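Comments concern the structure below.
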Amino acid sequence: MRDVIVAPSPGLDLRRHYGHHQSLAIRAGGLIFCSGMIAVNPETGEREHGTVTSEARRIFENLKLLLESAGSSLDRLIQVHAMIYDRIEYDVLNRLYRQYVPNAPPARTVMSVQIEAGFKVMLDVVAAA
Amino acid sequence: VTVEGEWIMSLRREVIEPNNPASGGSGAPPLSHGIRGGEFVFLSGIVAVDPVTGERVHDTVAAETQQILTSMARLLESAGSSLTKVVKVNVLIYSMLEYNNMNEVYREFFPVDPPARTACGARLSGGSKVEIECVALA
């Protein structure tokens, strides 16, 4: 069983706004695989560039919307790939990150990569459905 | 717990061999091309290689993407899966300036209900411009 998860709000559908050829998330085998999320306004899809903190906060809020609409939640995250533009921001990311996953945080890998459109943070997650 | 019960509790793990393993030999890196675990197939990152000689192909982002996704389709099929069963794709690309060149080819391989995807710019080994990995339903 492989289900495409429909965007819970129009702004989160990156296909519509930026021509990305990907589903927002796919449910399969009891898991939800999400596409890499960047900081966009959930209603308008407008890109919201900012600090690592503001971008990560926006991404977590969008993830919360997405996972809850799919019957999951931030508490059910299993694995996170946290991508940042520069390792020097590692502690800044962590400060915000721990607010959203205070208890039994998911497995995580942080890497510094080049993110699309000059963003500073991207989160790619797998959650239990 | 019965033997059958133990079998259910510990998921089966199985190595997937490509139909045409051109990249074998003692110099091959310590990885399997794919592993089936439970309901899923996890593939290693694939770079563009010549399917006959196993040599790396150095070409444009579009050409490498084409080569990689063709190999991916073949490998998934040898595991009893297919591109339509892919749930998540990670694309690594040497420069995000080439994102659209990758995307144009990519969309041809996943015409309907494309998988979830993450694409980012990273430094790749061996002079490759693109590397793609995926998770699919078995």
Side-chain angles (χ1 to χ4, degrees), chain A residues 1-7 12-16 18-38 59 63 66-67 70 72 78-87 109-129, chain B residues 11-12 36-43 45 61-62 65 69 76 81-124 129-138:
Chain A
M1 225 1 203
R2 177 190 184 277
D3 296 319
V4 174
I5 291 171
V6 179
L12 293 183
D13 189 351
L14 295 186
R15 278 187 287 184
R16 182 181 316 184
Y18 302 109
H20 286 33
H21 193 71
Q22 61 197 33
S23 297
L24 179 58
I26 299 279
R27 187 192 288 114
L31 299 176
I32 295 173
F33 296 83
C34 298
S35 284
M37 306 269 286
I38 48 175
I59 294 168
L63 260 178
L66 166 61
L67 291 175
S72 181
I78 291 172
Q79 186 188 37
V80 176
H81 290 155
M83 285 155 266
I84 49 178
Y85 76 108
D86 193 320
R87 290 287 299 186
T109 302
V110 179
M111 54 195 129
S112 71
V113 298
Q114 204 186 356
I115 302 169
E116 66 180 89
F119 277 106
K120 292 180 177 150
V121 189
M122 178 157 71
L123 297 180
D124 162 326
V125 311
V126 179
Chain B
L11 294 172
R12 188 160 158 190
R36 183 181 325 191
E39 288 185 58
F40 295 103
V41 177
F42 298 80
L43 298 193
V61 164
T65 304
L69 293 175
L76 286 171
S81 181
S82 73
L83 288 180
T84 58
K85 293 185 175 178
V86 174
V87 295
K88 176 71 201 291
V89 176
N90 291 327
V91 179
L92 303 175
I93 187 170
Y94 81 103
S95 167
M96 283 305 274
L97 293 176
E98 298 260 29
Y99 179 83
N100 282 330
N101 297 329
M102 176 279 296
N103 216 25
E104 289 307 310
V105 176
Y106 183 94
R107 66 172 69 243
E108 304 290 324
F109 285 83
F110 298 100
V112 261
D113 290 346
R117 185 180 71 175
T118 297
C120 61
R123 265 180 284 177
L124 302 176
K129 290 181 179 153
V130 187
E131 178 164 345
I132 306 179
E133 61 168 13
C134 77
V135 181
L137 281 170

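Remember, predicted model here, so these are calculated numbers, not experimental data. Letters A, B, ... are given to chains in the order of the sequence lines, protein chains preceding strands, and every chain is numbered from 1.
- Interface remark: B:Val89 contributes no atoms to any contact with chain A (heavy atom separation under 4.5 Å).
- Looking at A:Ile26 and B:Val86, their side chains never come closer than 4.5 Å, going by heavy atoms from C-beta outward.
- In this structure, no portion of B:Phe109 lies under 4.5 Å from any heavy atom of chain A.
- When each of B:Pro115, B:Pro114, B:Pro111 is tested with A:His21 by the rule side chain to side chain contact (heavy atoms under 4.5 Å, CB included), just one qualifies, namely B:Pro114.
- In terms of heavy atoms, A:Met83 sits closest to B:Cys120 at SD-SG, 4.0 Å.
- When all heavy atoms of A:Met1 and B:Leu137 are compared, the pair lying nearest together is O-CD1, 3.4 Å.
- Taking the side chain as every heavy atom from C-beta outward, B:Thr118 and A:His81 never approach each other to under 4.5 Å.
- Rounded to the nearest 0.5 Å, atoms CD (A:Gln22) and CZ (B:Phe110) are 11.5 Å apart.
- Considering CG of B:Leu97 and CD of A:Glu116, their distance stands at 12.5 Å, rounded to 0.5 Å.
- When all heavy atoms of B:Lys85 and A:Arg2 are compared, the pair lying nearest together is C-NE, 3.9 Å.
- Ring orientation note: the planes of B:Tyr99 and A:His20 are tilted relative to one another, at an angle of 30° to 60°.
- Residues A:Ser35 and B:Ala116 share a closest heavy-atom pair of OG-CA, 3.1 Å.
- For B:Asn90, the part lying under 4.5 angstrom from a heavy atom of chain A is the side chain only.
- B:Asp113 touches chain A through backbone and side chain together, each having a heavy atom under 4.5 Å away.
- Scanning all heavy atoms of the two residues, the minimum distance from B:Gly121 to A:Val113 falls at O-CB, 3.2 Å.
- If you measure heavy-atom distances from B:Phe40 to chain A, the contacts under 4.5 Å come from the side chain alone.
- Only the backbone of A:Ala25 comes within less than 4.5 Å of a heavy atom in chain B; its side chain stays farther off.
- A:Phe33 approaches B:Lys88 most closely through the heavy-atom pair CD2-CB, 3.8 Å.
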